[in-house]
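See below for the structure under consideration.
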Amino acid sequence: MIASEAAPFAKTGGLADVLAGLPRALGRLGHQVTVFVPRYRGAPAGEPVAEFAVSLSGRTLAARFDRHPVADGVGAVLVDCPALYDREGLYGIGNEDYPDNAFRFAFLAKASLEFAGRMFERVDVVHAHDWQAGLAPVYLKKQFAQHPVLGGVPTVLTIHNLAYQGLFPADVLPTLDLAWDLFSVDALEFWGKISFLKAGVNFSTVLTTVSPGYAKEIQTHEYGFGFDGIVRRRSADLVGILNGIDVDEWNPMSDAALPAPFGPNKLAGKRLAKKQVLQSFGMATDQAGMKRPLVGLVSRLVDQKGFDLLSSVLPDLLQQHAGYVLLGNGDPNYEQEWAAAARSHPEQVGARIGFDEPLAHLIEAGADIFLMPSRFEPCGLNQMYSLRYGTVPVVRATGGLDDTVENYRPRSGAGTGFKFKACTGPALLRALGCALQVYQDPVRWQAIQRAGMRLDHSWDASARKYVKVYRRGVVRAAVGARAARA
Ligand code: ADP
Ligand code: GLC
């Protein structure tokens with residue numbers, strides 16, 4: 001697998017969680033997986049297993065490859081090239097991307113393949129994730145077709161987020177060892193630029209995305225970000241597989257970040273988590289404070305996650321009988337907005353701008369409601385963490401959120417959360433209002449909590465689906481090779 005993030009070595013979002021959980025689950029099924037990620041600043045050095053120069057269009061850089069054992073059959077290889085990766089951020093600083101990102105991630109793909117070609121006796125499939133790994137299928141076809149280990153190996157591309165397309169000016173093409181014939185509509189060209197994601201979509205054997213719902217959505221104009229036609233052309237080869245969650249790391253019965261364990265039959269510990277969250281944000285923990293419903297948000301602060309919708313109804317949110325705790329970073333406007341709300345309403349709003357994993361766990365555990373009003377959501381992990389932690393999700397019915405949250409039905413009392421369809425502030429407020437109302441009825445509320453806590457979102461079932469996809473790729477590649485020989 002090739003990706004730009006993998007926990008615990010580098011993380012800005014859910015991609016990193018997937019690159020930790022999926023390989024482990026595949027390992028449990030008896031497969032051998034190596035995950036390639038850059039060694040960014042701060043990532044621990046592992047065991048150096050190789051060192052060689054990698055060239056892209058005449059620019060040659062020395063790379064060291066550090067191996068970290070991860071689990072049975074699973075390892076990570078950190079591609080260490082300080083000139084490219086030893087920087088303050090993963091992709092850039094603030095909203096500003098690094099100007100050489102095309103080269104940085106082309107290098108990742110190329111160096112990973114060269115490593116595999118030199119160090120492995122056999123490779124069954126190369127699995128590339130998101131645009132950052134999008135050139136791997138192209139390099140395999142164009143540069144390694146005759147390679148004894150890598151020749152003819154099938155590729156899988158997983159789209160974690162179609163909004164990030166890896167777009168660069170056309171003139172970088174020759175600096176990436178790619179010939180001008182690839183600058184065409186059925187290869188890398190996208191409205192006069194080149195797109196790494198398009199490269200991956202067009203050159204991989206099989207495509208996946210991270211929920212069945214999103215697999216459908218990205219073939220529509222509304223969610224396609226200009227890529228819907230490109231994806232539709234490959235719809236026969238596109239499979240939606242829901243992400244799993246790491247049920248050991250996200251287990252309220254054993255989570256070290258929590259003051260006390262809790263579970264579906266033992267909800268008392270959750271109150272202690274709520275108390276600790278309130279305390280850590282300097283909010284009241286007296287009887288009234290503990291009784292007031294607490295809404296949690298842990299997120300990248302970007303439009304995708306619905307922060308513009310939230311802005312449009314912030315005064316209305318403050319009118320509700322509810323407290324809010326937010327952890328996140330991202331768009332400076334949203335950072336400032338929430339920090340200001342916390343300053344002006346310290347009793348009602350807590351905001352921590354930053355990235356803080358233990359606090360993320362504590363909020364997931366201590367909040368009563370988890371709010372995730374995403375405009376689009378390929379899968380989303382936080383709502384699944386919330387379900388497991390008895391924190392009832394209020395979500396927009398899109399992508400993976402729609403696939404994983406079952407809307408509450410007042411008549412039967414069935415359901416695991418509250419969903420709204422229209423992408424508007426009033427729709428958000430209505431769904432939150434319903435949740436706050438049902439919260440007042442502890443019997444109903446606990447039934448919703450328990451229904452969510454009993455769901456199984458572990459990786460194993462999803463990993464089996466990936467194995468099927470890999471097999472499909474292997475069969476496809478074999479058929480292609482036979483046809484080429486004939
Ligand atoms: P996305 O990848 O689009 O950001 P996901 O829901 O798939 O959304 O995954 C987000 C992951 O990042 C979760 O594991 C979540 O807990 C984590 N996360 C997001 N923001 C923060 C933060 N500020 N501090 C700690 N963890 C965060
Ligand atoms: C992306 C998506 C998110 C998904 C994650 C992991 O960051 O935004 O919905 O859960 O990738 O697949």
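Sequential numbering from 1 along the given sequence is applied to the chain's residues. Treat the numbers as computed from the prediction; the structure is a model and nothing was measured. Remember, it's 1-based here, ligands and their atoms both numbered in the order they're listed.
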Which residue and heavy atom of the protein sit nearest [atom], plus the separation:
atom	value
atom 18 (N) of ligand 1	Phe355 CE1, 3.8 Å
atom 4 (O) of ligand 1	Arg300 NE, 2.7 Å
atom 2 (C) of ligand 2	His160 O, 3.2 Å
atom 13 (C) of ligand 1	Asp17 OD2, 3.6 Å
atom 6 (O) of ligand 1	Leu381 N, 2.8 Å
atom 24 (N) of ligand 1	Asp356 N, 3.0 Å

Looking at [X], which atoms of ligand 2 are within less than 4.0 Å of one of its heavy atoms?
X	answer
Pro378	2 (C), 8 (O), 9 (O)
Asn161	8 (O)
Val210	12 (O)

Short list, please: which atoms of ligand 1 are under 4.0 Å from a heavy atom of Gly328?
23 (N)
Any idea how [X] and [Y] line up, ring-wise: parallel (<30°), tilted (30 to 60°), or perpendicular (>60°)?
X	Y	value
Phe196	Trp131	perpendicular
Phe418	Tyr408	tilted
Phe307	Trp338	perpendicular

Contact check, Gly400 vs ligand 2, heavy-atom distance below 4.0 Å
no
Using the ring of Phe281 (Phe, Tyr or Trp, six-membered ring only), decide whether Arg352 places NZ or CZ under 6.0 Å from its centre and within 45 degrees of its axis.
yes
With a cut-off of under 6.0 Å to the ring centre and 45° to the axis, is Arg104 in cation-pi contact with Tyr98?
no
Would you indicate whether [X], at its atom [atom1], is surrounded by more than 12 heavy atoms from other residues, nucleotides or ligands within a distance under 6.0 Å?
X	atom1	value
Arg471	CZ	no
Gln32	CD	no
Arg271	CZ	no

Any non-hydrogen atom of [X] lying under 4.0 Å from ligand 1?
X	result
Gly380	yes
Gly354	yes
Lys305	yes
Lys11	yes

Close N or O approach ([X], ligand 1; < 3.5 Å):
X	answer
Gly14	yes
Asn382	yes
Gly13	no

Nearest heavy atom to atom 9 (O) of ligand 2, choosing from Gln304, Met372, Glu377, His129, belongs to Glu377
Heavy-atom proximity to atom 4 (C) of ligand 2, best of Ala16, Gly380, Gly21:
Gly380
Pair Ser458-Asp460, side-chain donor/acceptor within less than 3.5 Å
no
Ion pair check, [X] and [Y], cut-off under 4.0 Å:
X	Y	answer
Asp402	Lys216	no
Arg24	Asp246	no
Lys305	Glu377	yes

What part of Cys379, side chain from CB on, backbone N/CA/C/O, both or neither, has a heavy atom under 4.0 Å from ligand 1?
neither
Please list, chain by chain and in numerical order, all residues satisfying side chain to side chain contact (heavy atoms under 4.5 Å, CB included) with Thr391, sequence neighbours excluded.
Lys270, Ala367, Phe370, Ser386, Tyr389
Tell me which part of Asn243 gets within contact of ligand 2: side chain, backbone, both or neither, using heavy atoms under 4.0 Å.
side chain
I need the contact type for Val18 against ligand 2. Using non-hydrogen atoms and a strict under-4.0 Å cut-off, is it side chain, backbone, both or neither?
side chain
Assert yes or no for the condition that the ring centre distance of His127 to Tyr470 is strictly below 6.0 Å.
yes
